[in-house]
Structures are given as C-alpha cells and as structure tokens.
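Quick notes on the structure that follows.
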Amino acid sequence: AEIHQRDDHLRMQEMMQALKAIVESLATVASLSLKKRELNLQEKKDMATVELLRRKEDREDMEVKRTALGIPDPKQASSLENQLRDEVGTQSKPFEQVRDAYGRIKSVGKAATAAGDMALLVGYMKMIDPSTGVKEGEYATAANAGSISQKIRARYNEVVNGAKLTEDQRKDFLARANTLYASHYESQSGLEGQYAELAKRKKVNPENVVLTRLGMRPDLPPELAKA
C-alpha cells in the first residue's frame, strides 16, 4: 500500500509538472503572439508616419516649385480668378447693353411696319446711349432721351405719330446699327483677349476669368458678304 501511495504521488507530481509545462508553453505562445501584434502595429504606425512625412515633403517640394515658377496656390488662384472675372464683368456691361439692343433690332427692326420702325429706332437710340429712358410708344424728349440727337428724336416721334420710315431710311438705320455694334464688338473682343493674356501671365486659368459676352457677330457689309 505504501508503494502504491508513492507511485501515485510520483504520477501526480509528473502530471503537475506536465500541466505546468503546458501552461508555460501556452503563456510563451500568447506572449509571442502579443509581441508580434505589437510589432505589426508599430510597423503600421511607422509606415503611416513615413507616408505622412512623404506627403509633407511632396507638398513642400510642390510649394517650392510653385513659388519658383510664380504659380499661386489654389486659394490664391481662385481669389485672383474671381477678382479678374469681376473686373471683366464690370467693364463688359456697356457692351452687353449694346448687344441686347442690337439683338432687338435684328429680331424685329427689319420689319417694314410701324412697330418694326419703332423697335428699330428705340434699339438704335439705346445703342448710342444705353441710359436713355425712351420706351417704345412714348415720345422722345430732351429729358428722357439722354445724349440722343434732336434729329433722331424727331424721326422717332414722327414714327410714334404714325409715320413710317422709307426703305432707304430703314436700311440707313440698320447699317448704322451694324457699324456701331461692330465697333463695340471689336472693343469687347479686345477686352476679353487682354484679360485672357493677363490671366496667363498671372498663372491662372483664362477660362475661369473670361466668360465671353460676344454672342452674335455683326453683319458683314454687302460687298464683303458677296465675296
């Protein structure tokens, strides 16, 4: 019995040692796994840090190049484009008024009717002086006609009273309107060209600066139209 007890005791000790070894082994594996995860996490952090540093260097490098080339940064470029575009818009307003008046003449001013003659003359007066307050059907006076000459006012008032322009008079006013529009068209084209070149010199996009107002082109003179 004593021998059996000794054997049992030895077996128990062996089992405890084996169990201890297993526990230690598992602990070692868990520790290694944890360290591996920590290393992987650190490696990812290091990679992220490297990527951030690389991007920062790229931005700094781009900034150096942009400064060397005189190219504004995106915010500065957008602000400059807005400023130049506003300038073009302000300086283009007189042309827009002339263009709209010319368009009215082109659409209804050729008709050999009292309404057509009235539209032609009002449109022509607005091309000469966009601030004129003369409206179709109203008499033109020195007070509401602005800088319009007395001769043109008198002709218009005759039409308001029921007279009609002769064919030669109508052709003459149409030709004058076309010549006047051609002059404004050329000036506007020059203005837009100047700002497009200015945008290029300022290293910004000309298409974001110049939104053309030109629209319809003036009619060619008959001798050129036939060529």
Side-chain angles (χ1 to χ4, degrees), residues 82-199 206-227:
N82 290 338
Q83 176 190 334
L84 295 176
R85 185 168 58 248
D86 288 345
E87 290 180 12
V88 176
T90 299
Q91 295 184 48
S92 297
K93 288 189 181 301
F95 172 77
E96 291 175 341
Q97 294 173 316
V98 169
R99 180 201 62 200
D100 293 345
Y102 182 69
R104 175 70 173 162
I105 289 174
K106 291 277 289 182
S107 63
V108 299
K110 293 181 179 181
T113 63
D117 289 344
M118 199 175 299
L120 168 59
L121 290 171
V122 169
Y124 182 64
M125 285 189 286
K126 286 188 178 298
M127 289 183 71
I128 295 174
D129 182 2
S131 67
T132 180
V134 179
K135 298 179 181 179
E136 292 181 24
E138 297 179 351
Y139 286 104
T141 64
N144 67 6
S147 61
I148 305 302
S149 70
Q150 193 279 331
K151 182 178 180 180
I152 296 175
R153 294 203 312 268
R155 184 70 65 194
Y156 170 74
N157 288 334
E158 289 175 2
V159 171
V160 172
N161 285 327
K164 290 176 60 177
L165 296 175
T166 66
E167 187 63 26
D168 287 341
Q169 289 173 332
R170 191 175 297 110
K171 287 181 179 180
D172 180 55
F173 276 113
L174 287 171
R176 292 187 194 182
N178 186 68
T179 299
L180 186 57
Y181 180 65
S183 176
H184 282 276
Y185 187 96
E186 184 177 356
S187 296
Q188 179 67 18
S189 179
L191 173 69
E192 294 182 5
Q194 289 173 4
Y195 270 90
E197 288 300 318
L198 179 59
E207 293 182 358
N208 293 336
V209 171
V210 179
L211 307 178
T212 185
R213 274 86 170 170
L214 291 175
M216 75 186 85
R217 298 179 65 86
D219 292 336
L220 290 173
E223 61 273 14
L224 294 179
K226 294 177 182 179

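What's counted below: heavy atoms across the whole structure, side chains too, no hydrogens, waters or symmetry copies.
To the nearest 0.5 angstrom, Met125 atom CE is 6.0 Å from Thr132 atom OG1. With rounding to the nearest 0.5 angstrom, the CG atom of Leu174 is 10.5 Å from the OG1 atom of Thr179. Interatomic distance, Thr113 OG1 to Lys164 NZ, rounded to the nearest 0.5 Å: 7.0 Å. Atoms CE and CG, on Met127 and Asp100 in that order, are 10.5 Å from each other to the nearest 0.5 Å.
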* Using the side chain to side chain contact (heavy atoms under 4.5 Å, CB included) rule, take Val159 and Leu165 through it: C-alpha gap first, then chi angles, then the decisive distance, then the call. => CA-CA 7 Å; Val159 171; Leu165 296 175; 4.3 Å; yes
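By the side chain to side chain contact (heavy atoms under 4.5 Å, CB included) test, Ala114 pairs with no residue at all, sequence neighbours left out. Legend: residues meeting side chain to side chain donor-acceptor pair (under 3.5 Å) with Arg104, ordered by chain and number and at least two apart, are Glu136. Residues passing the salt bridge (Lys or Arg N to Asp or Glu O under 4.0 Å) test with Arg170, sequence neighbours excluded: Asp117, Glu167. Applying the salt bridge (Lys or Arg N to Asp or Glu O under 4.0 Å) rule to Glu96 yields the partners Arg213; only residues at least two apart in sequence or on another chain are considered. Checked against side chain to side chain contact (heavy atoms under 4.5 Å, CB included), Glu138 has the following partners two or more places apart in sequence or in another chain: Lys135. Taking the ring pair (Phe, Tyr, Trp, His ring centres under 6.0 Å) definition, one finds that Tyr185 meets it with Tyr181, sequence neighbours left out.
Counting only distance, with no hydrogens or angles, the side chain of Lys126 and the backbone of Gln97 share no donor-acceptor pair below 3.5 Å. Between the Asn178 side chain and the Pro218 main chain, no donor and acceptor come within less than 3.5 Å of each other. Between the side chain of Arg153 and the main chain of Ile148, a donor-acceptor pair closer than 3.5 Å is present. Arg99 contributes no side-chain N or O that, together with a main-chain N or O of Leu214, makes up a donor-acceptor pair within less than 3.5 Å.
The minimum heavy-atom distance between Gly123 and Ala101, with the atom names listed, is O-CB, 3.5 Å. Scanning all heavy atoms of the two residues, the minimum distance from Ser147 to Asp129 falls at N-OD2, 3.0 Å. The nearest pair of heavy atoms linking Tyr195 to Glu87 is OH-OE1, 2.8 Å. Ser92 approaches Val88 most closely through the heavy-atom pair OG-O, 2.6 Å. Here the closest non-hydrogen pair linking Ala196 and Val210 is N-CG2, 3.7 Å. For the pair Val134 and Val122, the tightest heavy-atom approach, listed with the atom from each and the gap, is O-CG1, 4.0 Å.
Between Lys106 and Asp219, at least one side-chain N (NZ, or NE/NH1/NH2) sits under 4.0 Å from a carboxylate O, which counts as a salt bridge.
When Tyr102, Tyr156, Phe173 are each tested for a ring-ring contact (aromatic ring centres under 6.0 Å, His included) with Tyr124, only one passes: Phe173.
In this structure the side chain of Arg155 reaches within 4.5 angstrom of the side chain of Gln169, judged on heavy atoms.
More than 12 heavy atoms of other shown residues, nucleotides or ligands fall within 6.0 angstrom of atom CD in Glu158.
Asn144 and Thr141 share a donor-acceptor pair across their side chains, judged by distance under 3.5 Å alone.
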